Amino acid sequence: MDSIEAPDPINGKYTRVEIEFKKQRTSDSCAQWLEILHAFGTHQNERIACAMALFVDREMIRPRFMQEMLTATGILRDIAIWIFDRYGRLREEHKLDQKNTVENWEKKLDHGSLLVLHSFWVSKKWRRMGLARMMIHKLVKRVQALRIADISMLAVPGGLATEVFEELLAQNAIAQPSSHNTDGLEAKFLLCSMGFRRIGSTPCFAVRISPGCNEYSINNSAYEDVDEGETTYGISDILWNENRWVHGPENRIGLPFGDWEDQLKLFEQMKERRPILHATVTLPDSDLRNWYCENANDFKTKDWLTTDHMGRNVLHLAVIGIKYQSLRWLLETLDVGTCNELRTARNMRRQTPLQNLYWRLEEIRTTDGELALSDKFEGFGEDAVSCLSLLECLELPQPEDVLPPREVTFWVGRFCGQGSDVLKNLGAKFSLSIPWSTTTDYEGVEDKGEPVNLATVDYNPPSLATAVRHAEVSAAGSRKGNKALLTLKIDRHSSPADSPNRIGRIITGERLKYGCSCYMCLQGVMSYRLRFVLFIQATYLKEMLEQKEATDHYHKFWDMMLTFWSERVSWAAAQSYRESRLRHIRDATIFRAIARVVGPWNELPTISAIRRRLEYDQNNHIWLENPMRSDPAIRTALRVLFEFIQDQDEHAGTGRFGQSMAIYYRDAMELIDPCRNDKEYGFVARMCEVPLNVPFNEFCFVKKRMAREGNS
Ligand SMILES: [Zn+2]
């Protein structure tokens, strides 16, 4: 039980108000990272005020921030989607966006825990006494008492308990800007006076709370946020989540603020006054295109240029709905001047249609339900990529660019010279099916006209000769004869006819599909930074595994590796790995191959690419005698490498080993252009044929707690 001194509303004398705190149980799924805190103010046995806040231990759930927050409901879910990226950092566009706020947030909200103000209420006669402020302050104190120093407090004024403000507004007519009292103007004033500032152009406000801070300062610039907010916001705050809005009235679940009826009214008005925009929002793609065709003659240029209440024109609305056919019709049919004007127009968030589309796709990729979270990402849909290419004026691959896989079957052995010529002429990449076991009866194969018992191996030009030789050897060793059946599958991404344009179009296609923002990603997927880290780490692991002398460095490495591995396998298994010199040599070889694949070879480290590299490397022939056995070893090594790197990441993993490792390459890293794909470990690993399954359970929580307690 705590207490505060507040002026008595009857006689104005300071009197004692008891404050009682309660912790509410949360559902089991969020119990470890979410706490619901209540503060109740009581004066002479009468409840006069209460406040409720949600405490989010962000560091604990960092690697899965978005997934975890999406399991929560209401305000937490909305805040996660609006404000943060998947690792709980402030979204890039809010860091840069200073149009509607006096605060330059940069990285200020990226660290520490979150305290989300959910609601507060003060009994009628006790209002205007500063009680709400004191209650909120007590809640903060309470959280700080848990030895958590680093807190960011968040609130959405429009979403705060409304009954308080309804009454306040009724008494105070000047403060009422519109018919929407849910705008939370009073709450905005209160929050701003406590140091809260708007985050970018969102309806959300935040303040950083430093330890030992007793009162939130009031400064004059605080009110700039409020003033500007009123001219720009209002109904738009309610419609901020345009995703829901655009899906039309039938999709009315979960609207955070405002009155649905008001929105419907707005929608109806739109139909009469701006028929083009209304049709663009409501009709499905092909119907919309037909609608444009049929009604185009009724409209003049200025009709096409109209915007809605959020400054969005017909292009904005078409791309948010990812309506490719309609977008194409617009860009091909409208005259050049109109098109240019539409293309360069900015909505209220200062986004052109193209930026709006990128924003929307990123939203789909990182937040839209559980399905599209980026570890499971499989690239944007065809229509989305086509829309992007239209707006970016980039050429996508044509059907003839992407060759269908072709198969050529022929015999080597007797006709081996002929076979080699065929292979040479085809050039570039192809895969080869080789009858694997030398004991197979090839006569049987011939009779059926199709190869059986085949192992498919991908080969690249460097290993062309090896491939043919391998097949010849197999054939020579067979019982019946001296020939083997080869099935050749030509890779659809390369042929001798490759022209720079064709390759350029393929690269563009991949970049748009996987959302690379640096123009340098390998196959649109693996960014230069990630490649660099993979290269350095693979080299480091190789060197440490090869080391024989027990130096300090060596002991440190094994301490780290044992911790890392024992979380994935048993402690005994980790120990036995440490003892096995043979496995160290084998894995060192694989790590070296990985480094060479992402380095000089410029390829994604897929299992097959690594296998090719190992083959290519003459020195490794000893253990490659039986390549069938090597695949699981490569897979394990590659997975360990990816998990190891992800674990070192302060956002995507626990960041435990990062301190010692990242220091080697942090400076060099700064020189490389960042890309959106930099931290997409899961997604890239999947493209490299090793889906990660990093255990995210007790150990993550325990480690995080340990780390934090160690620090404080
Ligand atoms: Zn990139």
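Quick note: numbers below take in every heavy atom, side chains included, and nothing from hydrogens, waters or symmetry partners. All values reported here derive from a predicted model rather than from experimental measurement.
To the nearest 0.5 Å, atom CD1 of residue I645 and atom CG of residue L530 are 6.5 Å apart. Atom CG of L388 sits about 12.0 Å away from atom SG of C393, to the nearest 0.5 Å.
Looking at every heavy atom in both residues, P605 comes nearest to L638 through O-CD2, 3.1 Å. Minimum interatomic distance between R274 and T307 (heavy atoms only, all atoms of both residues): NE-O, 2.9 Å. The minimum heavy-atom distance between L315 and P353, with the atom names listed, is CB-CG, 3.7 Å. Smallest separation of non-hydrogen atoms from A637 and I590: CB-CG2, 3.7 Å. When all heavy atoms of L357 and V319 are compared, the pair lying nearest together is CD1-O, 3.5 Å. Closest of all the heavy-atom pairs between C675 and S517 is SG-N, 3.3 Å.
Inter-residue side-chain proximity for E341 and T301 is flagged as unmet; no heavy-atom pair is nearer than 4.5 Å. Looking at V690 and L641, their side chains never come closer than 4.5 Å, going by heavy atoms from C-beta outward. Using a 4.5 Å heavy-atom threshold, the side chains of I594 and L541 count as separate.
When the ring pair (Phe, Tyr, Trp, His ring centres under 6.0 Å) test is applied to F65, the partners found at least two apart in sequence or on another chain are F84. Residues that satisfy the side chain to side chain donor-acceptor pair (under 3.5 Å) test with R343, not counting sequence neighbours, are absent from this structure. T338 meets the side chain to side chain donor-acceptor pair (under 3.5 Å) test with D335; sequence neighbours excluded. Applying the side chain to side chain contact (heavy atoms under 4.5 Å, CB included) test to E395 and every residue at least two apart in sequence or in another chain returns Q398, R505. Every side chain to side chain contact (heavy atoms under 4.5 Å, CB included) that A206 has, sequence neighbours left out, goes to W105, L109, L154, I199. For K513, the side chain to side chain contact (heavy atoms under 4.5 Å, CB included) partners two or more places apart in sequence, or in a different chain, are V385. For R289, there are no side chain to side chain donor-acceptor pair (under 3.5 Å) partners, not counting sequence neighbours. For the ring pair (Phe, Tyr, Trp, His ring centres under 6.0 Å) test, residues two or more places apart in sequence or in another chain that qualify with Y514 are F683. Here Y528 pairs with M520, R531, I672 under the side chain to side chain contact (heavy atoms under 4.5 Å, CB included) rule; sequence neighbours left out. Applying the ring pair (Phe, Tyr, Trp, His ring centres under 6.0 Å) test to F535 and every residue at least two apart in sequence or in another chain returns nothing. Qualifying side chain to side chain donor-acceptor pair (under 3.5 Å) partners for N313, counting only residues two or more places apart in sequence or in other chains: H316.
Using modelled atom types, one side-chain atom of K323 and one backbone atom of L283 make a donor-acceptor pair closer than 3.5 Å. Side chain of E294 to main chain of W291: no donor-acceptor pair is present (N/O by atom type, distance under 3.5 Å, no hydrogens or angles). Not one N or O on the side chain of R86 forms a donor-acceptor pair closer than 3.5 Å with the backbone of M66. A donor-acceptor pair is defined here as one N or O able to donate and one able to accept, closer than 3.5 Å; such a pair exists between the side chain of R360 and the backbone of I320.
Between Y292 and W304, the ring planes are perpendicular. Angles over 60° get that label, and only those under 30° would be called parallel.
Sorted by first and then second residue, the salt bridge (charged side-chain N to carboxylate O under 4.0 Å, His left out) pairs with a member in residues 276-288 form an empty list; sequence neighbours excluded.
Inspection of the Y358 and E392 side chains reveals an N or O donor paired with an N or O acceptor under 3.5 Å.
Under the side-chain contact (heavy atoms from CB on, under 4.5 Å) test applied with E603, the options R596, R612, M526, Q523 reduce to a single match, R612.
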